[in-house]
> 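Following this message is one structure expressed as structure tokens.
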Number of protein chains: 2
Amino acid sequence: MTTKTREAATELPLNQILGGDCIEIMNSLPEGSVDLIFADPPYNLQLRGDLHRPDNSKVDAVDDDWDQFDSFKVYDNFTRDWLAAARRVLKPNGAIWAIGSYHNVYRMGAELQNQGFWILNDVVWRKSNPMPNFRGKRFTNAHETIIWASKNEAAKYTFNYEALKSLNEGIQMRSDWVLPICNGGERLKNEDGEKAHPTQKPESLLHRILVGTTNPGDVVLDPFFGTGTTGAVAKMLGREFIGIERESKYREVAQKRIDAVRKFDKDALRVSTSKRAEPRVPFGQLVERGMLRPGEELSSLNGRRTAKVRADGTLVSNDVKGSIHQVGAHLEGAPSCNGWTYWTFKRDGKQVPIDVLRQQIRAEMN
Amino acid sequence: MTTKTREAATELPLNQILGGDCIEIMNSLPEGSVDLIFADPPYNLQLRGDLHRPDNSKVDAVDDDWDQFDSFKVYDNFTRDWLAAARRVLKPNGAIWAIGSYHNVYRMGAELQNQGFWILNDVVWRKSNPMPNFRGKRFTNAHETIIWASKNEAAKYTFNYEALKSLNEGIQMRSDWVLPICNGGERLKNEDGEKAHPTQKPESLLHRILVGTTNPGDVVLDPFFGTGTTGAVAKMLGREFIGIERESKYREVAQKRIDAVRKFDKDALRVSTSKRAEPRVPFGQLVERGMLRPGEELSSLNGRRTAKVRADGTLVSNDVKGSIHQVGAHLEGAPSCNGWTYWTFKRDGKQVPIDVLRQQIRAEMN
DNA sequence: GGCTAGACTGAATCAAGCC
DNA sequence: CGGCTTGATTCAGTCTAGC
């Protein structure tokens, strides 16, 4: 570490939340002075009318002023400017994490590359409990993308391989992370019970990022601080943080939250190792994967019934159509039926329960 | 269908593999003539030596320390040109799926948006058996991203919601798909045992895409055909395909593969459809046909409201008059209300939803 | 373009009520 | 009191089709 760098570091407003425009403030900080940047910029959502659930309750959407941009061009200019400012304050061996959804992440990723950042991974945050698609017009939007990039191709970025492997029960950490969205007690509320910030990120996400790609004592900058998840987790984990947030109401909530955090709280270091039941395997997957073919005939275990497989993973038998369970139940006149053990297919001249195919898929998943 | 469209359609080289440059060939096809495009373009990393500059000079030298900016520019031009050609051949209500990894997908996604494509979802293909990261320097790169976009914001794209829900055992399909990579018997090999193509996609992926976003008989174009996964699955599922592939060795493998595919029978290809596709039945018809009598009282499903049927097929409750939907919405103070499931009538002492009467009429219509 | 019919929701969390 | 069920609530949303 050179003298100049050390001087710069002592000038840093560590563990503070700075109010104002993140581009201006980042440009006022010493060049090359932070180890990691976590950025959760506005996503530029373009919502039209109101959306209601099938039960007619209204969806509380992100319609705040800070997410309004007139065009892709305006958004691109904004992205270019904050990324350039972020790049400037980053140490030569620093790295950045930037999170987004399909609305903005392609523009952000392309600009990262244009500026010379070197993408190391894109990580998918698979939400275990996303909001469904209420109108049935698209897939449930069940993930967000986080790009991890070093300042340039040659940078010696921090990657705590073993720590991440431990977090993942001894197996190399993958680029898809299954984590719940932020709700329950962790979700900050105003006095009126409304959520304090529309897009609060879960601490588990920041925990994994900071454990994996920083060392204790590192300086972590968050230019879109919001309610301060980055600061709270950084404090817990013994990292220094700098937060920048334009809205004073968010700064206040964040400050209160961080003040309440205890460093190295063992409780906060716990990992979510929920031992689940066996993963659910939809019958349709056997069809998609060619283990059973559309048109193929299945027989019931008792040999009395047959049904044909359809391309969408339903069965048809005479006029009855539906899932393997529904059709089985109907044919037997039973209230319910476990299709997995009821139906068999032919292999090497023998009747084999379709459940063996499910077991095969489950084995592959481990 | 206009004469012009029909002529165009008959000119299409259906179920053929065309040899040559995909941009030139797409531009030679009739405008607005295909329903879906699936594109698996080369990654930025692999383009070295494979791609040409705009002036048609070849980009050469794998180990030249060539300028990274230059590389992105060449790739962006290539992306712009093939996407524009794809957009041209797409029907107004057509859609595109484009797959990539973090090396190229951000540039591809941004250009899609720049050209006016409207992103509907980005889907994450989560590989159940990815290659580990051998050096332990990054996360296991365990996913690829597939962008699904319509030709423009107003397009009426195809989405077989119910079929996808069936494939997923009755639960709405999410944007993260867990599917194994292509290996085993499905992976095509040369005589020397080497894999025939470095990036062969699994048929399960195409199965889900084609079942979910095309109808039988639709034309599916794949400008980077490779060993023909798109064609093979399209044939199985009773869709027409057009493949474009520059390398003759891939075309040969693909043709042999597709020739061996057997179409599934029609019965198996029929998939679950949504209620929206059912014919509309006006409530007044129930009254005209005497299934409900003017003056008869209906109760809401929750038992809290009642209304009287009038001779013209409207309801009246206190001073509120209107359709079954309007009256229901008003009484519940809701923005909207499906009167078919909201209102019940009395039969044999039990409350029965009026929807059963509609179903009765629909059954008679078949 | 305006209006209306009518289709459409999964998982987690927490509170309340019941054995 | 503890464990269980039931119901209400909530989550970054580019969320209709057809007359």
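In the text below, chain A, chain B and the rest are named by the order of the sequence lines, each starting its count at 1. Every value quoted in this text rests on a predicted model; they were computed, and no experiment measured them.
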> Using a 90° cut-off around 0 for syn, call dT13(C) syn or anti.
anti

> With rounding to the closest Å, how many angstrom separate the C1' atoms on dC11(D) and dT9(C)?
12 Å

> Side-chain donor or acceptor of Asp64(A) under 3.5 Å from a matching atom on the base of dA12(D)?
no

> Give me the distance, rounded to whole Å, that separates dG6(C) from dC19(D) when you measure between the P atoms they each carry.
12 Å

> Assign Arg174(B) to base, sugar-phosphate, or nothing according to its heavy-atom contacts below 4.0 angstrom with the strands shown.
nothing

> Give one of base, sugar-phosphate or nothing for Asn338(B), where a contact means two heavy atoms less than 4.0 Å apart.
base

> Which part of the nucleic acid does Pro202(A) contact within heavy-atom distance under 4.0 Å: base, sugar-phosphate only, or nothing?
nothing

> Classify Leu45(A) by what it touches in the nucleic acid, base, sugar-phosphate, or nothing, heavy-atom distance under 4.0 Å.
base

> Give me the distance, rounded to whole Å, that separates dC8(C) from dA17(D) when you measure between the P atoms they each carry.
12 Å

> Do the side chains of Arg126(B) and Arg126(A) get nearer than 4.5 Å, heavy atoms only?
yes

> In whole angstrom, give me the gap between the P atoms of dA16(C) and dC1(D).
15 Å

> Reckon Ser323(B) touches a base, only the sugar-phosphate, or nothing at all at heavy-atom distances under 4.0 Å?
sugar-phosphate

> So Glu144(A), base contact, sugar-phosphate only, or nothing? Heavy-atom distance under 4.0 Å.
base

